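What follows is one structure encoded as structure tokens, with my remarks underneath.
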Amino acid sequence: MVFPLTKLAQAKPEELGQKLGEFIQEKVADVVGFNVVKGFLNLVFSDDYWLSNMTQMMQQAQWGFAAPDSKPRMMVEYSSPNTNKPLHLGHLRNNFLGYSVAQILKANGHKVTKVQIINDRGIHICKSMLAWLNSGKNETPESTGMKGDKLVGKYYVEFDKQYKKEIQELMAAGSSEDEAKQNAPTMKAAQEMLRAWENGDAEVVALWKKMNAWVYAGFDTTYKRMGVDFDQLYFESETYLKGRDEVLKGIEKGVFFKKDDGSVWIDLTDEGLDEKAVLRRDGTAMYVTQDIGTAILRFEDYPDTVSQIYTVGNEQEYHFKVLFKILKKLGWQQSDACYHLSYGMVELPEGKMKSREGTVVDADDLMESMAAESRIVADEQGKLADLSEAEKTEVYNVIGMSALKYFLLRVDPKKNMMFNPQESIDFNGNTGPFIQYGYVRTQAVLRKAGEWKRANVEGLELNPYEKNLIQLLFSYPEAIAQAGIQFDPSVVAAFSYELTKTFNSFYQQCGILKEEDETRKSLRLQLTELTGQCIASSMLLLGVSMPARM
RNA sequence: GGCUCCGUAGUUCAAUGGAUAGAAUAAGCGUUUCCUAAACGUUUGAUAUGGGUUCGAUUCCCGUCGGAGCUACCA
């Protein structure tokens with residue numbers, strides 16, 4: 001594009017392009033031609049230039065990736081669910097996104113620590129505990145065969161039902177809505193239980209430990225199936241006190257101030273935000289307080305951390321603005337580099353997911369139904385007939401998960417996205433299975449090729465399909481870098497898709513094993529090998545694995 | 001009320017201020033004696049609206065309309 005230079009050069013775009021083109025062609029050996037179209041200068045590079053690039057790419061151990069641990073440590077937080085409700089579709093987007101960004105940062109050379117904060121403290125836990133005590137009949141995951149998170153979730157719903165019923169009754173008896181909400185006996189009991197918990201009441205703490213353990217066991221099963229993991233867990237029940245201490249220290253430094261009623265605040269009006277409370281009148285910690293404590297603890301645990309990435313929904317943008325400002329004022333300069341990886345909601349055709357209205361898409365159910373769907377497709381094709389049942393199930397799972405992960409990650413994280421359960425998730429077109437299929441194809445060709453040599457391909461003339469493929473493979477590092485800068489896996493997803501499509505086109509148009517010229521056959525096999533590697537490694541950045549067959 | 005984000009084919013998604021706005025899906029047509037047709041080729045179809053800045057705007061600025069979110073001593 002030569003427009004920006006026209007003023008400087010005092011020339012018309014076409015003339016300038018012509019002159020520039022002539023100059024570059026003369027000075028740069030790899031440029032063998034050019035043309036000028038409407039102010040755009042297009043340079044033509046020689047086939048040997050592309051062939052030598054290909055040879056170079058083949059020699060890399062992991063083409064596209066930066067040297068491991070060559071860049072500073074970044075911490076990525078994701079998942080962090082409430083411990084009283086099972087995981088749903090929104091959590092899937094969160095987990096896949098966080099895990100993928102961690103992978104991408106690693107590929108960019110960063111040291112990465114994957115963390116999660118477990119929200120195991122507060123009134124919400126007490127609600128499930130209370131309902132279980134009242135009507136649980138000592139049910140356990142073992143006695144009911146339910147996953148622990150599902151069982152606890154059941155009692156959370158039970159509590160809510162009872163609570164609503166009591167509000168109705170109180171309102172019928174003449175209370176206002178606010179009064180009814182405050183005076184409902186179950187809510188009072190839950191608050192009482194929270195106080196007992198905070199005071200270390202042995203019975204309450206024991207129950208809390210028991211039920212939390214159920215939930216974690218359930219979550220672990222789900223995480224395993226999702227294919228995500230964490231390097232370190234942080235528990236809110238352990239960090240909220242640290243948060244409070246940091247706030248108390250901050251008062252002395254003049255960062256926070258105390259109001260007459262004893263509550264503690266920070267004034268952020270100079271930053272364009274409001275005043276924000278950080279400790280209640282009674283001195284107890286709030287949500288932000290806990291986050292302050294957790295953030296500082298993490299910086300202390302991993303002093304080489306230059307940035308913390310928080311994978312949390314976009315409804316909390318204000319919260320993180322506040323948090324980062326507070327950290328800055330407390331003297332943590334790293335907060336400038338901290339980033340709220342804010343993502344949009346997954347919407348259903350009928351609107352927002354609401355657990356109370358039963359319109360949630362459960363994570364376990366969805367993953368299961370994706371695997372079931374891929375089983376149906378695969379059985380129709382009958383290509384896996386000779387595999388054992390266990391091997392088949394493994395393949396179905398890998399395909400189902402790829403469809404799901406790719407579906408959620410190919411979209412710009414910042415945007416809300418639509419999920420239609422009826423139409424479900426596709427296995428054709430711009431999808432995970434399409435890309436897996438392309439990969440399987442590369443492996444099948446290589447398998448059938450048997451022994452072959454990487455011939456010196458210098459001097460070959462490239463056809464457009466070969467050239468497109470090389471050019472695209474050559475741009476792989478750029479895609480990884482851009483995804484890292486923008487914290488955006490969709491960039492990688494787009495690359496994988498483009499690569500697969502380009503390979504499929506090449507595969508269709510150019511015989512690989514049929515090619516009679518040995519040198520050209522070697523070139524095409526090399527391209528096939530490199531493409532397979534890049535598809536697999538790029539999809540691994542999304543957390544998607546490749547089946548050997550499908 | 002104030003603040004933030006979003007609005008692109010029937011539908012789901014793309015496009016560092018640049019070339020003829022790309023894909024997928026749905027619908028139609030074609031391609032398997034040749035490396036697995038979950039593939040390939042091909043036809044139809046879109047920038048909510050009115051202004052502005054610019055050689056050039058889906059992109060930046062202002063207004064209108066429509067959608068979502070935040071604005072707790074909740075988490």
Side-chain angles (χ1 to χ4, degrees), chain A residues 1-4 6-7 12-13 37-40 42 80 82 84 119 121-125 236 259 261-265 272-274 276-291 313-319 321 342 344-345 347 349 351-352 374 377-378 380-384 399 403 407 410-412 414-420 423 425-438 440-449 478 482 485-486 490-491 493-494 497-498 500-501 503-515 521 524-525 528 549-550:
Chain A
M1 195 195 352
V2 298
F3 291 109
T6 48
K7 268 190 189 160
K12 285 183 183 168
V37 184
K38 289 194 195 171
F40 290 86
N42 300 307
S80 307
N82 277 332
N84 56 353
N119 301 298
R121 169 190 160 268
I123 191 110
H124 56 282
I125 305 291
E236 186 184 339
K259 289 202 174 176
D261 61 9
S263 57
V264 178
W265 296 69
L273 303 172
D274 288 329
K276 173 77 190 168
V278 291
L279 280 183
R280 293 195 192 91
R281 204 180 321 172
D282 60 7
T284 53
M286 302 168 63
Y287 180 51
V288 249
T289 324
Q290 172 270 122
D291 262 359
N314 61 11
E315 71 273 11
Q316 295 200 29
E317 267 164 21
Y318 184 78
H319 170 78
K321 255 188 217 165
S342 161
M345 274 185 305
E347 287 166 350
K352 218 185 144 175
S374 78
V377 178
E380 262 174 31
Q381 314 248 348
K383 289 178 190 167
L384 302 175
I399 295 172
F407 178 84
R410 59 178 265 242
V411 180
D412 182 343
K414 289 190 281 298
K415 291 192 179 171
N416 287 2
M417 65 183 297
M418 180 63 69
F419 173 75
N420 187 334
E423 292 174 16
I425 292 173
D426 247 306
F427 288 74
N428 300 312
N430 187 355
T431 66
F434 170 87
I435 294 168
Q436 288 178 318
Y437 183 77
V440 165
R441 202 171 230 182
T442 63
Q443 300 313 294
V445 172
L446 293 171
R447 215 168 28 237
K448 290 210 177 176
E478 273 171 56
Q482 199 197 343
I485 290 165
Q486 295 174 194
S490 75
V491 174
Y497 176 60
E498 197 61 35
T500 306
K501 247 182 17 161
F503 177 77
N504 275 341
S505 192
F506 159 82
Y507 171 90
Q508 195 75 24
Q509 302 297 329
C510 310
I512 299 169
L513 299 177
K514 277 190 300 189
E515 175 59 41
K521 184 173 166 184
R524 291 182 178 173
L525 279 168
T528 304
R549 294 172 51 183
M550 66 187 284

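Within every chain, numbering begins at 1; the chains are lettered A, B, ... in the order of the sequence lines, protein sequences first and strands thereafter. What you see is a predicted model; the values in this text were computed from it and never measured.
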Span that lies between the P atom of B/U4 and that of B/G63, in whole angstrom: 11 Å
What's the CG-C1' distance between A/N430 and B/A39, to the nearest Å? 15 Å
Looking for any heavy atom pair under 4.0 Å, which part of the strands does A/Y318 touch: base, sugar-phosphate only, or nothing? sugar-phosphate
Just checking A/D412: base, sugar-phosphate only, or nothing, at a heavy-atom cut-off of under 4.0 Å? sugar-phosphate
Smallest heavy-atom separation, A/F3 atom then A/P13 atom, equals CE2-CG, 4.2 Å
So does A/N428 get a side-chain nitrogen or oxygen closer than 4.0 Å to the phosphate oxygens (OP1/OP2) of B/A39? yes
Rounded at 0.5 Å granularity, tell me how far OH in A/Y497 sits from CZ in A/R410. 8.5 Å
Quick one: are A/T431 and A/Y437 in side-chain contact, heavy atoms under 4.5 Å? no
Let me confirm one number: the NZ-CE distance from A/K276 to A/M286, rounded to the nearest 0.5 Å. 5.0 Å
When rounded to the nearest 0.5 angstrom, what is the spacing between CD1 in A/I512 and NZ in A/K448? 12.0 Å
When you measure from the side chain of A/T528 to the backbone of A/R524, do you find a donor-acceptor pair of N or O atoms at a distance under 3.5 Å? yes
Polar pairs (N or O, both sides) under 3.5 Å between protein and nucleotides 2-6 of chain B?
none

Taking only the side-chain heavy atoms of A/N504 (C-beta and beyond), determine which of B/G18, B/A39, B/C70 contains the nearest atom. B/A39
Separation between NZ (A/K501) and CD1 (A/I435), nearest 0.5 Å, reads 11.0 Å
Base, sugar-phosphate alone, or nothing: which one does A/V411 contact when heavy atoms must sit under 4.0 Å apart? sugar-phosphate
Checking contacts here: which listed nucleotide (B/A24, B/A75, B/U12) is nearest the side-chain heavy atoms of A/Y497? B/A24
Please round to the nearest 0.5 Å and tell me the distance separating atom CE of A/M550 and atom CD1 of A/I399. 4.0 Å
Roughly how far apart, to the nearest Å, are B/U54 and B/A14 at atom P? 31 Å
Rounded distance in Å between the P positions of B/U58 and B/G52: 15 Å
In whole angstroms, how far is the P atom of B/C13 from the CZ atom of A/F407? 7 Å
Distance (rounded to the nearest 0.5 Å) between A/R549 CZ and A/R441 CZ: 15.5 Å
What does the 5'-to-3' dot-bracket notation of RNA chain B look like when only Watson-Crick and G-U wobble pairs under 3.5 Å count, and pairs to other strands show as |? (((((((..((((....[...)))).(((((.......)))))....(((((..]....))))))))))))....
Residues A/V445, A/L525; criterion side chain to side chain contact (heavy atoms under 4.5 Å, CB included); working and verdict: CA-CA 8 Å; A/V445 172; A/L525 279 168; 4.1 Å; yes
Take atom C1' in B/G69 and the same atom in B/C60, then report the distance between them in whole Å. 24 Å
Mind checking if A/V278 touches a base, just sugar-phosphate, or nothing, with heavy atoms under 4.0 Å? nothing
Candidate nucleotides B/A24, B/C13, B/A37, ranked by approach to the side chain of A/M418 - the nearest: B/C13
Out of B/A14, B/A38, B/A75, whichever nucleotide has its closest atom nearest the side chain of A/A378: B/A38
Scan A/M550 against the nucleic acid and name what it touches under 4.0 Å (heavy atoms): base, sugar-phosphate only, or nothing. base
Starting at atom CG of A/N420, determine the distance to atom C1' of B/A24, rounded to an integer number of angstrom. 16 Å
Let me know the distance between CZ of A/R121 and P of B/C74, rounded to the nearest Å. 11 Å
Taking the P atom of each, how far is B/G1 from B/A19, in whole Å? 39 Å
Under a 90° cut-off about 0 for the syn range, is B/U44 syn or anti? anti
Could you give the CG-to-C1' distance, from A/L273 to B/A72, as a whole number of Å? 16 Å
Heavy-atom pair with the smallest gap, counting every atom of A/V491 and A/Q486: CG2-NE2, 4.0 Å
Tabulate atom names and distances for all N/O pairs under 3.5 angstrom spanning the protein and nucleotides 33-35 of chain B.
from: B/C34; atom 1: O2; to: A/K514; atom 2: NZ; distance (Å): 2.0
from: B/C35; atom 1: O3'; to: A/K448; atom 2: NZ; distance (Å): 3.1
from: B/C35; atom 1: O2; to: A/L513; atom 2: N; distance (Å): 3.1
from: B/C35; atom 1: N4; to: A/Y507; atom 2: O; distance (Å): 2.1

Taking the C1' atom of each, how far is B/G17 from B/C61, in whole Å? 14 Å
Ignoring backbone atoms, test whether A/S505 places a side-chain nitrogen or oxygen under 4.0 Å from the OP1 or OP2 oxygen of B/G41. yes
Which nucleotide in the set B/A68, B/C70, B/A39 lies at the smallest distance from any side-chain heavy atom of A/F434? B/A39
Using whole Å, what does the distance between atom P of nucleotide B/A75 and atom CD1 of A/I125 come to? 13 Å
So, the side chain of A/R280 versus the backbone of A/A285: is there a donor-acceptor pair under 3.5 Å, distance only? yes
Just by modelled atom types, is the A/S80 backbone N or O under 3.5 Å from a matching donor or acceptor in the A/N119 side chain? yes
Whether over 12 other heavy atoms sit under 6.0 Å from A/K259 NZ: yes
Step by step, work out the side chain to side chain contact (heavy atoms under 4.5 Å, CB included) result for A/V377 and A/Q381. CA-CA 7 Å; A/V377 178; A/Q381 314 248 348; 4.1 Å; yes
Between B/G22 (C1') and A/R410 (CZ): distance, integer Å: 13 Å
Report the nucleotide, chosen from B/C74, B/A68, B/A38, that has the shortest atom-to-atom distance to any side-chain atom of A/R280. B/C74
Please report, rounded to the nearest Å, how far the P atom of B/A23 is from the CD atom of A/E498. 9 Å
Between A/Y437 and B/A38, does any side-chain N or O lie under 4.0 Å from OP1 or OP2? yes
Between A/F419 and A/Q290, which residue's closest nucleotide on RNA chain B lies nearer the 5′ terminus? A/F419
Taking only N and O in the side chain of A/N82, is any of them less than 4.0 Å away from OP1 or OP2 of B/A75? no
A/R549, nearest nucleotide to its side chain (from B/A14, B/U36, B/A75): B/U36
Applying a 4.0 Å non-hydrogen cut-off, can you work out what A/Q436 is touching in the nucleic acid: base, sugar-phosphate, or nothing? nothing
Same-atom distance (C1') from B/G56 to B/U16, integer angstrom: 16 Å
For B/U59 versus B/G18, give the span between their P atoms, rounded off to a whole number of Å. 11 Å
So what does A/D291 hit on the nucleic acid, given a heavy-atom distance under 4.0 Å: a base, only sugar-phosphate, or nothing? nothing
Would you classify A/I399 as touching base, sugar-phosphate or nothing, given that sugar-phosphate means primed atoms plus P, OP1 and OP2, and contacts are heavy atoms under 4.0 Å? base
